[in-house]
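Starting from 1, each residue takes its place in the sequence as its number.
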Amino acid sequence: VQLQASGGGLVQAGGSLRLSCAASGFTFDDYTMCWFRQAPGKEREGVSCISSSDGKPYYQDFTEGRFTITSDNAENTVFLQMNSLKPEDTAFYYCAAVSDAHPIEVLTTRGFRMDYWGKGTQVTVSS
């Protein structure tokens, strides 16, 4: 199983980044895909998930309509479009997959039940 995240980088506040997570080694369509992040000295937190059952997106409140999660099931890839980035969005962003947990549970438990984790990509937002 592999979850390869990419697309991170350094951007000024107000800028945008698009993260990608390419999955392999499992049946992508059967898994809810999620993004998490962890900033230095802070706990990991859920950012967004997209449900495997109906493709519905779920977001943490702090995304405030700035982030959009999508998936391309033909390419086994999940994306996170991040607009209007703020310095507090600076963190290491991970993608993860879970087969039998609701996205709300995933986001509120900081991904306790995830089946697979990727290695992540760094996002740095300068002020």
Side-chain angles (χ1 to χ4, degrees):
V1 170
Q2 278 198 320
L3 292 171
Q4 185 62 53
S6 61
L10 173 63
V11 64
Q12 288 190 329
S16 298
L17 285 173
R18 189 191 193 209
L19 306 184
S20 300
C21 176
S24 62
F26 62 96
T27 305
F28 185 81
D29 292 0
D30 292 342
Y31 284 74
T32 288
M33 299 299 297
C34 299
W35 288 95
F36 295 84
R37 70 184 188 183
Q38 188 166 17
K42 294 188 177 181
E43 291 187 325
R44 181 179 67 209
E45 60 183 351
V47 177
S48 179
C49 294
I50 186 163
S51 171
S52 60
S53 60
D54 59 7
K56 181 179 178 180
Y58 294 80
Y59 301 97
Q60 287 279 42
D61 289 345
F62 63 75
T63 62
E64 299 171 326
R66 302 178 296 126
F67 294 3
T68 303
I69 189 169
T70 57
S71 67
D72 183 339
N73 287 14
E75 296 294 328
N76 291 354
T77 302
V78 61
F79 304 96
L80 186 68
Q81 177 68 43
M82 304 187 295
N83 299 327
S84 302
L85 283 162
K86 305 175 182 180
E88 50 264 44
D89 293 318
T90 295
F92 208 69
Y93 283 71
Y94 303 82
C95 61
V98 64
S99 63
D100 64 350
H102 193 278
I104 293 177
E105 175 189 359
V106 167
L107 293 176
T108 55
T109 61
R110 306 177 188 270
F112 179 70
R113 292 182 58 190
M114 305 310 285
D115 295 308
Y116 307 123
W117 290 91
K119 291 187 177 181
T121 185
Q122 177 68 39
V123 171
T124 303
V125 185
S126 63
S127 56

(request) Side-chain contact test, heavy atoms from C-beta onward, threshold under 4.5 Å: evaluate it for Phe67 versus Asp89 and give yes or no. (result) yes
(request) Could you tell me which non-hydrogen atom of Gly8 sits nearest to which non-hydrogen atom of Val123, and how far apart they are? (result) CA-CG2, 4.1 Å
(request) To the nearest 0.5 Å, tell me how far Phe92 CZ sits from Phe36 CZ. (result) 15.0 Å
(request) Could you tell me whether the side chain of Ser51 and the main chain of Thr32 form a donor-acceptor pair under 3.5 Å? (result) no
(request) Might you confirm whether atom CD of Gln2 has over 12 heavy atoms from other residues, nucleotides or ligands at distances under 6.0 Å? (result) no
(message) Would the distance check show the side chain of Tyr59 and the main-chain N or O of Ile69 forming a donor-acceptor pair, the cut-off being under 3.5 Å?
(response) yes
(request) Please examine the side chains of Val98 and Met114, heavy atoms only from C-beta on, and report whether any two atoms are closer than 4.5 Å. (result) yes
(message) Please say yes or no: joined through hydrophobic side-chain contacts below 4.5 Å, possibly via intermediate residues, are Ile104 and Phe62 part of one cluster?
(response) no
(message) Among residues at least two apart in sequence or on other chains, which ones pass side-chain hydrogen bond (donor to acceptor under 3.5 Å, both in side chains) with Lys119?
(response) none
(message) Working note: Thr121 + Ser6, criterion side-chain contact (heavy atoms from CB on, under 4.5 Å); need CA distance, chi angles, decisive distance, verdict.
(response) CA-CA 6 Å; Thr121 185; Ser6 61; 5.6 Å; no
(request) Using modelled atom types only, decide if a donor and an acceptor are shared between the side chain of Asn76 and the backbone of Phe28 within a distance under 3.5 Å. (result) no
(request) Please answer: with hydrophobic residues joined when any side-chain heavy atoms are less than 4.5 Å apart, are Trp35 and Ile50 in the same cluster? (result) yes
(request) Nearest 0.5 Å please: distance from the CE atom of Met33 over to the OG1 atom of Thr70. (result) 11.5 Å
(message) Closer than 3.5 angstrom, by distance alone: can the side chain of Arg113 be matched with the main-chain N or O of Asp100 as a donor-acceptor pair?
(response) yes
(message) Please report the interatomic distance CG(Leu80) to SG(Cys49), rounded to the nearest 0.5 Å.
(response) 10.5 Å
(request) State, with a plain yes or no, whether a side-chain heavy atom of Met82 is found less than 4.5 Å away from one of Leu19. (result) yes
(request) Compare all side-chain heavy atoms of Lys86 with those of Val125 and state whether any distance is below 4.5 angstrom. (result) no
(request) Under the side-chain contact (heavy atoms from CB on, under 4.5 Å) rule, what do Glu45 and Arg37 come out as? Steps first, then yes or no, please. (result) CA-CA 6 Å; Glu45 60 183 351; Arg37 70 184 188 183; 2.7 Å; yes
(request) Check whether any side-chain heavy atom of Leu10 lies under 4.5 Å from a side-chain heavy atom of Gln122, and answer yes or no. (result) no
(request) May I ask you to check whether Asn73 and Ser71 show a side-chain donor-acceptor distance below 3.5 Å? (result) yes
(message) Taking ring-ring contact (aromatic ring centres under 6.0 Å, His included) as the definition, give me every residue that meets it alongside Phe26, ordered by chain and number, with sequence neighbours left out.
(response) Tyr31, Tyr116
(request) Look at atom CG of Asp54 and say whether more than 12 heavy atoms of other residues, nucleotides or ligands are closer to it than 6.0 Å. (result) yes
(request) Can you see which heavy atom on Ala39 is nearest to which on Ala91, and at what distance? (result) N-CB, 3.8 Å
(message) Using side-chain heavy atoms (C-beta onward) and a distance below 4.5 Å, is Tyr94 in contact with Leu3?
(response) no
(message) Nearest 0.5 angstrom please: Thr124 OG1 to Gln12 CD, how far?
(response) 13.0 Å
(message) Could you report the tightest heavy-atom contact between Gln81 and Ser16, atom names first, then the distance?
(response) NE2-CB, 3.9 Å
(message) Closer than 3.5 angstrom, by distance alone: can the side chain of Arg110 be matched with the main-chain N or O of Arg44 as a donor-acceptor pair?
(response) yes
(request) Could you tell me whether the side chain of Ser48 and the main chain of Tyr58 form a donor-acceptor pair under 3.5 Å? (result) yes
(request) Decide whether Tyr93 and Leu107 are clustered together by the hydrophobic rule: side chain heavy atoms of Ile, Leu, Val, Met, Phe, Trp, Tyr closer than 4.5 Å, transitively. (result) no
(message) Would Cys34 and Cys95 count as a disulfide pair, i.e. SG atoms separated by less than 2.5 Å?
(response) no
